[in-house]
Amino acid sequence: MNETPDNSAPAPLKLFNSLTRTPEIFTPVHEGEARVYTCGPTVYNYPHIGNMRAYVFADLLGRTLSWKGYKLIHVINITDVGHLTDDGDAGEDKLEKAAAERAQSIWDIAKHYTEAYWDDIKALNIRQPAHWSIATDYVPQMIDYAKAIADKHCYELPGGLYFDVSTVADYGRLARATTEDGEGRIDAVEGKRNAADFAIWRKTPEGESRQMEWDSPWGKGAPGWHLECSVMSEALLGLPFDIHTGGIDHREIHHPNEIAQNQAHSGCDHSGARIWMHNNFLIDRAGKMSKSAGEFLRLQLLIDKGIHPLAYRLMCLQAHYRSELEFSWDNLIAALTRLKRIVMGVERLKERLKATQDSKPPHPKITEMRAQLDSAISNDLNSPPVIPLLEDLLSLKKIDPVQRMNLLQEIDQLLGLNLQTLTRTDLRLPPKSASISETEIEDKLDLRQQAKAAKDFVAADAIRDELTAQGVELMDGDPLRWEWSIKI
Ligand code: AMP
Ligand code: ZN
């Protein structure tokens, strides 16, 4: 935000397109609309917080498009079939594997983890998309789609129907890969013509049966994961649509394969979506976060430790979506403290608002800050500088509170921190391990207050020590007596 923005004109929205590896000005396919498809979770396990970074990013994109005045049509899919343990076309179906290991029905597993994912979506204040498309609801369309491209672009092997990536122009341009790339992938399946060829229909092996299988011209079986996203995005958004999003790992295999199918099905060389956007990873010290290594960092674990989920959202927004973000408990607790300060600032602003009514034209400082907001967010969703901008706005005591509140609301339309309703008390989640309840703490604080009033400082100190021993930190001097917290 070093350059001086032109305060009068809206900034053009620039988004980094992974296809060209450059920021491009967003021009919608359909005037006034923005059609966005986001690759959703594979519901064989809980999402970890790294997975949720992908949806905080997609939400920031959606909020930005809405704020810029576009009618947003957003689709997020739920992969409940077809995603193999190895993206490079080998291994087992993740859901079949989970069901076998836990001796449970696949449908129950999918339902349980879809609901858990939706809980996280809600807790992170991620807006509901226009459509949640569930892969198993689209299997007939997937079979029709595969039939339409089979003759020209596919071949059969004992394992099912394979897509021949050499039949489309410029395969792998998104990953900057070629048909020959992906060594190791070819060995996994005998008879593949090119290393990068992939199954669009996986036949159930003779003599076996799967919990999820459908009849098809290539035998009983299940659709491939890449096919699902091509079919659902085209069915719900039409081709070409505006933006396709996912984590950076999808840039290498999943999205190039979707693009190849889109080319085959549409008969054109366009990629299906005009802009492909990818969020970078949340990493921990050991590297990429995974569900199997170390402590399984799911959102519920953060909540159990007394950290409000919106502190995690703020932590994500403090980094640009294309940067790696290293997770640490210290960073997360710092984000929580920052969020508390912001919320206290908003509460003070609300107090001042009660006494004011504004009808003046916007103060030049507010106009300037709004332009700074626009220039940052329009610059490939550059959220990090928006947070100090918000903090500056809260500290501008001399400017009319109504005007400050109006801009604050706009900022929060973008950041989604729920600042209109979030209170300090909401942020004080008791850790699951806490040995003392909020009411007990409040009661003890009342007693301490009475002791102090009676100048019985020995008793007051004894209560303080007792609370400290139970993990309660007291920060004296807050007029609302909110300043206590249970140590995390
Ligand atoms: P999955 O459920 O494995 O299909 O992943 C859901 C989404 O999370 C995909 O868009 C992935 O690219 C993304 N993703 C996976 N791991 C991470 C991570 N550590 N940080 C950010 N995004 C991730
Ligand atoms: Zn996908």
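Atoms considered below: every heavy atom in the structure, side chains included; atoms not considered: hydrogens, waters and symmetry mates.
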Check: L422 and H308 side chains under 4.5 Å, non-hydrogen atoms: yes
task: Look only at the side chain of D120 and the backbone of Y117, and say whether a donor-acceptor pair between them is shorter than 3.5 Å.
output: no
- prompt: So, are E440 and K444 salt-bridged, with charged N and O less than 4.0 Å apart?
  reply: no
- prompt: Which pair of non-hydrogen atoms, one from L65 and one from A34, has the smallest distance, and what is that distance?
  reply: CD1-CB, 3.9 Å
task: Without swapping roles, check the side chain of R404 against the backbone of L353 for a donor-acceptor pair under 3.5 Å.
output: no
task: Take the angle between the ring planes of F241 and H244 and call it parallel below 30°, perpendicular above 60°, tilted in between.
output: tilted
Any V343 side-chain heavy atom under 4.5 Å of L419 side chain: yes
- prompt: Which residues satisfy the salt bridge (charged side-chain N to carboxylate O under 4.0 Å, His left out) test with R102, sequence neighbours excluded?
  reply: none
- request: Would you name the heavy atoms of M315 and S328 that are closest together and state the gap between them?
  value: CE-N, 4.5 Å
- line: Heavy-atom nearest pair, Y55 first then G40, reads OH-C, 3.1 Å
field: R341/E391 salt bridge by N-O under 4.0 Å criterion
entry: no
query: Parallel, tilted or perpendicular: which describes the rings of Y321 and F57, with under 30° parallel and over 60° perpendicular?
result: parallel
message: Using only atom types and a distance under 3.5 Å, with no angle test, would you say the side chain of R35 pairs donor to acceptor with the backbone of I73?
response: no
- prompt: What's the spacing between E324 CD and L282 CG if we round to 0.5 Å?
  reply: 9.5 Å
task: Please confirm whether the backbone N or O of R428 pairs with a side-chain atom of K340, one donor and one acceptor, at under 3.5 Å?
output: no
- prompt: Do E24 and F16 touch side chain to side chain, with heavy atoms closer than 4.5 Å?
  reply: no
query: Is the side chain of R63 donor-acceptor paired with the backbone N or O of A58 at a distance under 3.5 Å, no angle test?
result: no
task: Please name the pair of heavy atoms, one in A110 and one in L95, separated by the smallest distance, quoted to 0.1 Å.
output: CB-CD2, 4.0 Å
- request: Find out whether S233 and V75 are in side-chain contact, i.e. whether some heavy atom of one side chain is under 4.5 Å from a heavy atom of the other.
  value: no
Close side-chain approach of N280 and L325, heavy atoms under 4.5 Å: no
query: Of I121, L124, D119, which meets side-chain contact (heavy atoms from CB on, under 4.5 Å) against L299?
result: L124
query: For D392, does its backbone N or O pair with a side-chain atom of S395 as donor and acceptor, under 3.5 Å?
result: yes
query: Rounded to the nearest 0.5 Å, how far does OG1 of T423 lie from CG of N418?
result: 10.0 Å
query: So with a 6.0 Å cut-off around NZ of K68, is the heavy-atom count from everything else above 12?
result: yes
- request: Would you indicate whether R127, at its atom CZ, is surrounded by more than 12 heavy atoms from other residues, nucleotides or ligands within a distance under 6.0 Å?
  value: yes
message: Which label fits Y46 and F296: parallel for a plane angle under 30°, tilted from 30 to 60°, or perpendicular past 60°?
response: tilted
Donor-acceptor under 3.5 Å (T204 side chain, R210 main chain): no
task: Indicate whether any N or O donor in one side chain lies under 3.5 Å from an N or O acceptor in the other, for D465 and T468.
output: no
task: Could you name each residue pair satisfying side-chain hydrogen bond (donor to acceptor under 3.5 Å, both in side chains) that touches residues 452-463, not counting sequence neighbours?
output: none
field: side chain to side chain donor-acceptor pair (under 3.5 Å), paired with H278, selected from R322, E252, H255
entry: H255
query: Can you list the residues that meet the side-chain contact (heavy atoms from CB on, under 4.5 Å) rule with T114, with sequence neighbours excluded?
result: V43, I78, W118
message: Looking at L19, is its backbone amide N or carbonyl O close enough to the side chain of R176 to form a donor-acceptor pair, meaning the two atoms are under 3.5 Å apart?
response: yes
- line: With Y37 as partner, the option from D242, L236, N77 fulfilling side-chain contact (heavy atoms from CB on, under 4.5 Å) is N77
task: Check whether any side-chain N or O of H363 sits under 3.5 Å from a backbone N or O of K365 as a donor-acceptor pair, and report yes or no.
output: yes
Shortest non-hydrogen separation from W276 to N17 and the atoms involved: N-OD1, 3.0 Å
- prompt: Could you go step by step and tell me if R313 and D59 meet the side chain to side chain contact (heavy atoms under 4.5 Å, CB included) rule?
  reply: CA-CA 11 Å; R313 182 176 175 108; D59 188 45; 2.9 Å; yes
field: Donor-acceptor pair, side chain of E347 and main chain of R424, under 3.5 angstrom
entry: yes
field: Name of the residue among I411, D412, L414 meeting side-chain contact (heavy atoms from CB on, under 4.5 Å) with L390
entry: I411
- request: Give a yes or no on whether a salt bridge exists between R370 and D374, defined as a side-chain N under 4.0 angstrom from a carboxylate O.
  value: no
V81 to A135 - nearest heavy-atom pair and separation: CG1-CB, 4.3 Å
task: Report the C-alpha distance between H250 and W225 in whole Å, list the side-chain angles of each, state the deciding distance to 0.1 Å, and finish with yes or no for ring pair (Phe, Tyr, Trp, His ring centres under 6.0 Å).
output: CA-CA 12 Å; H250 289 349; W225 171 45; 5.4 Å; yes
